[in-house]
Amino acid sequence: MDNKITIAIDGPAGAGKSTIAKIIGKNLNLIYINTGAMYRAVTLKALEKNINPTEILKLESLIDTMDICFINDELILNGENINKELTTPRISNNVSQYASIKEVRVKLVEIMRKMSQKYNVIMDGRDIGTVVLKDANYKFFLTASAEERAERRFKELKDKNIEVDYNNILEEIIKRDYIDSTREVDPLKKANDAIEIDTTGLNIDEVVNLISSYVKK
């Protein structure tokens with residue numbers, strides 16, 4: 001693959017975007033950029049420093065101090081691997097509030113675009129095909145029923161020995177879907193030129209093979 005390649009994968013929480021993007025990135029030798037993790041990193045630092053979602057200037061200054069890069073698919077913030085902290089329920093329950101702030105999105109989108117100009121990338125998130133990488137070579141929109149997505153998240157957290165309740169996760173996913181798709185700035189929606197894939201009932205390999213078949217064409 002001599003030409004620069006960019007792949008955008010969008011979809012709601014728990015649709016399997018990160019897992020799928022990570023595998024395809026490895027298979028096609030692309031840098032995987034987990035944009036959701038970037039918003040989670042901002043949320044983590046904001047909560048640590050007691051910065052509320054209403055304190056826009058403080059949030060902008062905070063992001064200016066954050067040096068974000070990805071090494072082996074893991075987010076490194078100011079030289080420290082913070083991946084384990086990013087998937088805790090505390091971050092999941094607060095990330096939509098920070099991710100819906102226009103100024104936060106503008107700053108992070110700028111960082112994401114710079115990454116895509118530098119490397120061959122596969123990026124996943126809520127607005128990659130519609131905002132961040134409008135000219136991506138390939139765009140996919142992954143979805144699945146809220147119940148299936150809650151089941152996946154429940155299993156993922158259980159496997160990490162995090163005590164969780166399925167009904168709470170389902171409620172949280174439905175709430176996040178609503179916030180993400182109705183927010184004023186860069187709402188979650190399928191790009192007109194994206195290929196939609198419903199992953200309900202499909203395993204990871206099936207989705208990876210399906211997406212790879214489009215790219216290899």
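Side-chain atoms are counted along with the backbone in the values below, which use heavy atoms only and exclude waters and symmetry mates.
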Reported CD1-to-CG distance for the pair Ile20 and Asn209, which is rounded to 0.5 angstrom = 9.5 Å
Determine which pairs satisfy side chain to side chain donor-acceptor pair (under 3.5 Å) with at least one residue from residues 9-22, sequence neighbours left out, and list them in order.
-> Ser18-Tyr32, Ser18-Asp124
Does the Ser96 side chain pair with the main chain of Ile179, one donor and one acceptor, at a distance under 3.5 Å?
-> no
Drop me the distance from Thr130's OG1 to Asn192's CG, to the nearest 0.5 angstrom.
-> 9.5 Å
Residues Ser181 and Pro187: closest non-hydrogen pair is O-CB, 3.6 Å
Hits for side-chain hydrogen bond (donor to acceptor under 3.5 Å, both in side chains) against Ser100, two or more places apart or cross-chain, chain-then-number order -> none
Kindly indicate, with the supporting measurements, whether the criterion side chain to side chain contact (heavy atoms under 4.5 Å, CB included) is fulfilled by Ile211 and Leu142.
-> CA-CA 10 Å; Ile211 291 177; Leu142 299 189; 4.0 Å; yes
Expected output: side-chain Tyr138 to main-chain Val215 donor-acceptor under 3.5 Å = yes
Any chance you could lay out the side chain to side chain contact (heavy atoms under 4.5 Å, CB included) test for Leu77 and Asp67, step after step, and finish with the verdict?
-> CA-CA 6 Å; Leu77 175 63; Asp67 175 37; 5.8 Å; no
Show me the donor-acceptor pairs, under 3.5 Å and distance only, between side chains in residues 153-162 and residues at least two apart or in other chains.
unit_1	atom_1	unit_2	atom_2	d
Arg153	NE	Glu156	OE1	3.4
Lys155	NZ	Asp159	OD2	3.2
Lys158	NZ	Glu163	OE2	3.1
Lys160	NZ	Thr87	OG1	3.4

Tell me, yes or no, whether the heavy-atom count around Asp64 atom CG, taken from other residues, nucleotides or ligands under 6.0 Å, exceeds 12.
-> yes
Residues at least two apart in sequence or cross-chain that pass side-chain hydrogen bond (donor to acceptor under 3.5 Å, both in side chains) with Glu148, listed by chain then number, are Arg152
Show the numbers, then the answer: is there a side chain to side chain contact (heavy atoms under 4.5 Å, CB included) between Ile122 and Leu28?
-> CA-CA 9 Å; Ile122 182 163; Leu28 300 180; over 6 Å; no
Asp165 atom CG: more than 12 heavy-atom contacts under 6.0 Å = yes
Yes or no on salt bridge (Lys or Arg N to Asp or Glu O under 4.0 Å) for Lys189 and Asp127, after CA distance, side-chain angles and deciding distance?
-> CA-CA 7 Å; Lys189 64 178 180 196; Asp127 61 347; over 6 Å; no
Check whether any side-chain N or O of Asn52 sits under 3.5 Å from a backbone N or O of Thr54 as a donor-acceptor pair, and report yes or no.
-> no
Find the distance between CG (Asn27) and CD1 (Ile23) and round it off to the nearest 0.5 Å.
-> 7.5 Å
Would you tell me whether Thr200 and Asp198 have side-chain atoms, one donor and one acceptor, within less than 3.5 Å of each other?
-> yes
Does OH in Tyr166 sit with more than 12 non-hydrogen atoms of other residues, nucleotides or ligands closer than 6.0 Å?
-> yes
Run the numbers on Ile33 and Val121 for side chain to side chain contact (heavy atoms under 4.5 Å, CB included), then give the verdict.
-> CA-CA 7 Å; Ile33 294 167; Val121 300; 3.6 Å; yes
Basic-acidic side-chain contact under 4.0 Å: Asp186, Lys102 | no
Can you find a side-chain donor-acceptor pair between Asn94 and Thr43 that sits under 3.5 Å?
-> no
Between Asn168 and Glu171, does any side-chain donor sit less than 3.5 Å from a side-chain acceptor?
-> no
Quick one: name the residues clustered hydrophobically with Phe141, using the 4.5 Å side-chain heavy-atom rule over I, L, V, M, F, W, Y, and just say none if it's on its own.
-> Leu188
Check for a donor-acceptor pair, side chain of Lys26 on one end and backbone N or O of Ile31 on the other, with a separation under 3.5 Å.
-> no
Verify the neighbour count for atom NZ of Lys190: are there more than 12 heavy atoms of other residues, nucleotides or ligands below 6.0 Å?
-> yes
Shortest non-hydrogen contact between Asp177 and Pro12, atoms and distance = OD1-CB, 3.5 Å
Pair listing, salt bridge (charged side-chain N to carboxylate O under 4.0 Å, His left out) test, anchored in residues 29-58, at least two apart = Lys45-Glu48, Glu55-Lys58
Asn72 side chain to Glu74 backbone, donor-acceptor under 3.5 Å | no
What one should report as the nearest heavy-atom pair of Ile9 and Ile128 is O-CG1, 4.2 Å
Are any of the side-chain nitrogens in Lys114 or Glu110 under 4.0 Å away from the carboxylate oxygens of its partner?
-> yes
Hey, what do you get for CE (Met123) to CZ (Phe70), rounding to the nearest 0.5 Å?
-> 8.5 Å
Please name the pair of heavy atoms, one in Met115 and one in Cys69, separated by the smallest distance, quoted to 0.1 Å.
-> CE-CA, 4.4 Å
Residues Arg183 and Asp180 bridged, charged N to O under 4.0 Å = yes
For residues Asn83 and Asn81, is any side-chain donor paired with an opposing acceptor at under 3.5 Å?
-> yes
Does any N or O in the side chain of Arg149 come within less than 3.5 Å of the main-chain N or O of Ala13, such that one atom is a donor and the other an acceptor?
-> yes
